[in-house]
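Sharing a structure with you now.
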Amino acid sequence: MSQPAIYYFDNNATTRVAPEVVDAMIPFLREYWGNPSSTYVFGRQVGEHLDQARARVAALINAEPRELIFTSCGTESNNSAIHSALVTQPEKRHVTTAVEHSANIKFCDLLQKRGYTVTFLPVAPDGALDLQQLEEAIRPHTAVVSVMWANNETGVLFPVREIAAICRRKGTLFHTDAVQAPGKLKIDVRELDVDFLSLSAHKLHAPKGIGLLYVKRRVKYQPYVVGGGQERGRRGGTENVANIVAFGRAAELATANLSDENTRVRALRDRLEDGILGAIPGASRNGAREPRLPNTSNLAFDGVEAEGILMLLDQAGICASSGSACTTGSLDPSHVLTAMGCSAARARSSIRFSLGIYNTEVDVDYVLNHLPGIIAKLRASSPAGS
Ligand code: PLP
């Protein structure tokens, strides 16, 4: 199957599996396919590789290997953390933000239907969270606070370390959805002092279908997926060995790539963003310039629908998106941009570029050469432009 050239700017949706990661996982599909829980050598040797991968992923976030639970995805990790906090505490209140990923928001909607009280904290027009408001929202009956680290649509960062400190003072458990952080931000769970942290391997150049939940030692944990005794009895289901090995290798590479992402990728993102804002009238950024992920740029284009822009970009081989891949296709404007006070029209005219380690200046210049013409063409053909 040959693939036409693509210019990939959707790394917050998913990332290319690194060739080094493919090489690391293939033996676990071809030769070492035993069950790691089996007692004979053929199974046990797989278990040893599993332990090695667990240690590598633990090193990425400065955790102990026993604090890790492998899951099927970031969504499962988020659901599991919140579920555990709510069933192990007598309290029935949960505090989160209005701009979380649907992996969190939809779970909260379900919790509300089941009788839990959920507070969705608002954000400012630049996407920032008011920490005093957060502190006031934590009541004696709050079981858990869940606040994402990096917003997948705008890249805006929340101060998770300060939020963890507030939760500690208030005696409330704290979970952070850090799915967009690895490879882009240094993650140190000891320094952050969080109780739960979610990751997803496909955002850092490993395959889809493998996630991670960090649970701080001594924090009570109630499994969400109940079955066999895997993951020390905390997540039933035979381990996805090849994917866990891949996650381990990707974790090693992510640590090595961190400075590249923060210098070269950031410079490419800024070249793209500044180039677009300079060349296209009526273009503007959504969300604060800083603090922000080094790879993400969310831009609005007055008077044009994102759907049309994305279609013409696609025809030119450019992959970008109008927000979360999980909600793309829905006719509703982005809940993140809406929570930031954007009008429905602005939210519908916004697109996200998210860069990654495989992007080059050639890719950026290709977009800069094509996008102004695309916007001009759409404006000329819209009823307002004619
Ligand atoms: N949380 C955030 C911030 C995300 O960006 C995503 C995926 O885009 C998820 C959670 C869900 O991760 P997964 O696709 O592994 O379920």
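Keep in mind that what you see is a predicted model, and the values were worked out from it rather than measured. Whatever order the structure lists ligands and atoms in, that order sets their numbers, starting from 1. All heavy atoms count here, side chains included; hydrogens, waters and symmetry mates do not.
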Exercise for the section: Take every heavy atom of Glu100, measure it against each atom of ligand 1, and state whether any distance is under 4.0 Å. Expected result: no

Problem - For Met148, the ligand 1 atoms whose distance to one of its heavy atoms is below 4.0 Å - result: 3 (C)

Handout entry: Between CG on residue Asn257 and CD1 on residue Ile357, distance to nearest 0.5 Å
Key = 4.0 Å

Problem - Short side-chain donor-acceptor distance under 3.5 Å, His94 and Thr119 - result: no

Completion exercise
Under 4.0 Å between heavy atoms, the region of Thr75 that gets near ligand 1 turns out to be both

Handout entry: Sub-3.5 Å N/O-N/O distance, Gly74 and ligand 1
Key = yes

Problem - Side-chain heavy atoms of Leu192 within contact of Trp149, under 4.5 Å - result: yes

Completion exercise
Atoms of ligand 1 under 4.0 Å from any heavy atom of Asn152, numbered from 1 in the order shown, are 3 (C), 5 (O)

Handout entry: Leu312 CG to Glu307 CD distance, which is reported to the nearest 0.5 Å
Key = 11.0 Å

Handout entry: Partner of Arg352 under side-chain contact (heavy atoms from CB on, under 4.5 Å), chosen from Ser321, Ser322, Ser334
Key = Ser321

Exercise for the section: Using a 4.0 Å heavy-atom threshold (strictly under), name the region of Lys208 that reaches ligand 1: side chain, backbone, both or neither. Expected result: neither

Problem - Region of Ser200 engaging ligand 1 - heavy atom pairs below 4.0 Å - result: side chain

Exercise for the section: Take atom NZ of Lys377 as the centre, draw a 6.0 Å sphere, and report whether it contains more than 12 heavy atoms from other residues, nucleotides or ligands. Expected result: no

Practice task
Would you mind telling me if ligand 1 is within reach of the side chain of Lys203, the backbone, both or neither, using heavy atoms under 4.0 Å?
Solution key: side chain

Problem - Flag side-chain contact, heavy atom, 4.5 Å: Phe196 against Leu173 - result: yes

Problem - Atom indices of ligand 1, in the order listed, that fall short of 4.0 Å to a heavy atom of His202 - result: 13 (P), 14 (O), 15 (O)

